[in-house]
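Take a look at the structure set out below.
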2 protein chains.
Amino acid sequence: MRYSHQRELILDAVKGVKTHPTADMVYDSLHAENPHLSLGTVYRNLALLAMSGEITPIYTGDNKVHYDGDTDPHCHFVCKGCSKIIDIFITPKIPDEVLHKEEFKVEEEKTIFYGRCRDCAV
Amino acid sequence: MRYSHQRELILDAVKGVKTHPTADMVYDSLHAENPHLSLGTVYRNLALLAMSGEITPIYTGDNKVHYDGDTDPHCHFVCKGCSKIIDIFITPKIPDEVLHKEEFKVEEEKTIFYGRCRDCAV
DNA sequence: AACAGTAATAGTAATCATTACTATTTAGCG
DNA sequence: CGCTAAATAGTAATGATTACTATTACTGTT
């Protein structure tokens, strides 16, 4: 993987923010300062950065991939009202019984809690 | 919610299977016997059934919503090689520290383990 | 510093899952 | 049976993501 200015921009955009932006949001945040940046480039580099472990994809069910610049293992909360994603800094522990299955080998765990945030309480 | 024959078909198709089918897969499995069933009807009813808690959506990151006919709380394993989904029958426990946050109220938890199945081992 | 080779980009078109729309059908109640 | 609203079929539209291609720009070599 060869250096590219755009990839650095994109990585910084995700790392520099505590929200969990989608490709579209990253593109919007960079486009004003970099009018020639292409949305396809954002998509491709987010995928590359996720593959190389520099950012983490989050699949919340809103039909868009979000990315987290904090790769330290932790969980997320997703509000069913406003779709906001909140970091929960507890380290999920993969149970031994799951690690020792014959059927498959677990490499990572993703845990999402769903509910309602204070603003969206029913 | 009024009874419909189509909804019953769709519910049975998801409940009657241990795979975790997408709307498309449900449609395919029913279309031969029910040539007038519409894909839109499948999508709408899967969403309705999920909302009423009769089936559970799973977001694995493959950009398609899968559904699980088993609503008993449990986890899933997703193979990074073949994308197969395997049930893991351990009941995830929502940690007290998460249940007692002021910021939000957790209603459910979804945990997915990622790795490689035996067939896709590297 | 020019050169070559090849990965990366920009810009646009295409794809794929899902949702929206509308005329028609049907559940279910009086 | 007949009414009314909910549900469906079939098709069109949307929205996120990927594919494609000509051009640009890293990086190792002379």
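When reading the values below, keep in mind they use all heavy atoms of this one structure, side chains included, and skip hydrogens, waters and symmetry mates. Chain identifiers are assigned alphabetically (A, B, ...) following the order of the sequence lines, protein sequences preceding nucleic acid strands; residue numbering begins at 1 within each chain.
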Is there a side-chain contact between D119(B) and C82(B) in this structure, where contact means two heavy atoms from C-beta onward sitting under 4.5 Å apart?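 Side chain of D119(B) against side chain of C82(B), heavy atoms only: no contact under 4.5 Å found.
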Among side-chain atoms of H76(B) and D68(B), is any donor-acceptor pair under 3.5 angstrom?
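Side chains of H76(B) and D68(B): pair found under 3.5 Å.
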**Asked** Does the side chain of D24(A) come under 3.5 Å of the side chain of T22(A) through a donor N or O and an acceptor N or O?
**Response**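 No, T22(A) and D24(A) have no side-chain donor paired with an acceptor closer than 3.5 Å.
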What is the distance, rounded to the nearest whole Å, between atom [atom1] of [X] and atom [atom2] of [N]?
{"X": "I10(B)", "N": "dT18(C)", "atom1": "CD1", "atom2": "C1'", "answer": "15 Å"}
{"X": "Y3(B)", "N": "dC29(C)", "atom1": "OH", "atom2": "P", "answer": "15 Å"}
{"X": "E8(A)", "N": "dA8(C)", "atom1": "CD", "atom2": "P", "answer": "15 Å"}
{"X": "N45(A)", "N": "dA8(C)", "atom1": "CG", "atom2": "C1'", "answer": "8 Å"}
{"X": "Y67(B)", "N": "dT18(C)", "atom1": "OH", "atom2": "P", "answer": "7 Å"}
{"X": "H31(B)", "N": "dA9(D)", "atom1": "NE2", "atom2": "C1'", "answer": "10 Å"}
{"X": "D62(A)", "N": "dA17(C)", "atom1": "CG", "atom2": "P", "answer": "18 Å"}
{"X": "H5(B)", "N": "dT8(D)", "atom1": "NE2", "atom2": "P", "answer": "11 Å"}

DNA chain C: 5'-proximal contact among L48(A) and P35(A) (nearest heavy atom):
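Looking at the nearest nucleotide for each, L48(A) comes out on the 5' side.
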Exercise. Is the backbone of G69(B) close enough, under 3.5 Å, to the side chain of K15(B) for a donor and an acceptor to pair up by distance?
Worked result: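 Yes, K15(B) side chain to G69(B) backbone: donor-acceptor pair under 3.5 Å.
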Check your understanding: To 10°, what angle do the rotation axes through the five end pairs on each side of the helix from dA1(C)-dT30(D) to dG30(C)-dC1(D) form?
Key ->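 End-to-end axis angle: 30°.
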Listed once per pair and sorted, the ring-ring contact (aromatic ring centres under 6.0 Å, His included) pairs that draw on residues 96-121 of chain B, sequence neighbours left out:
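ring-ring contact (aromatic ring centres under 6.0 Å, His included) check on residues 96-121 of chain B returns F77(A)-F104(B).
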Does a nitrogen or oxygen in the side chain of [X] sit under 4.0 Å from OP1 or OP2 of [N]?
{"X": "S4(A)", "N": "dT9(C)", "answer": "yes"}
{"X": "Q6(B)", "N": "dT25(C)", "answer": "no"}
{"X": "S38(A)", "N": "dT9(C)", "answer": "no"}
{"X": "N63(B)", "N": "dT15(C)", "answer": "no"}
{"X": "H36(A)", "N": "dG11(C)", "answer": "yes"}
{"X": "Y43(B)", "N": "dT18(C)", "answer": "yes"}

Would you indicate which nucleotide in dT18(C), dT8(D), dT17(D) comes nearest to any side-chain atom of V65(A)?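 Per side-chain heavy atoms of V65(A), the pick is dT17(D).
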_Closest listed nucleotide, where the reference is the side chain of R2(A) and the choices are dT6(C), dA9(D), dA7(D)_ =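 Comparing dT6(C), dA9(D), dA7(D) against the side chain of R2(A), the answer is dT6(C).
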- Would you say L99(B) and I88(A) are hydrophobically clustered, going by side-chain heavy atoms of ILVMFWY under 4.5 Å?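 They do share one cluster, since a chain of ILVMFWY contacts under 4.5 Å joins L99(B) to I88(A).
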*asked:* Tell me whether I10(A) shares a hydrophobic cluster with V17(A), the cluster being built from Ile, Leu, Val, Met, Phe, Trp, Tyr side chains joined at under 4.5 Å.
replied: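 In one cluster with I10(A): V17(A), no.
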Under 3.5 Å donor-acceptor pair, R44(A) side-chain atoms to dT9(C) base atoms
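Under the 3.5 Å cut-off, the side chain and the base do not form any donor-acceptor pair.
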_A quick test of your reading: do over 12 heavy atoms of other residues, nucleotides or ligands sit less than 6.0 Å from NZ of K80(B)?_
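Atom NZ in K80(B) is packed in, count exceeds 12.
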- Message: Considering every strand and a 4.0 Å limit on heavy-atom distances, what is the contact class for D24(A): base, sugar-phosphate, or nothing?
- Response: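 Contact class for D24(A): none.
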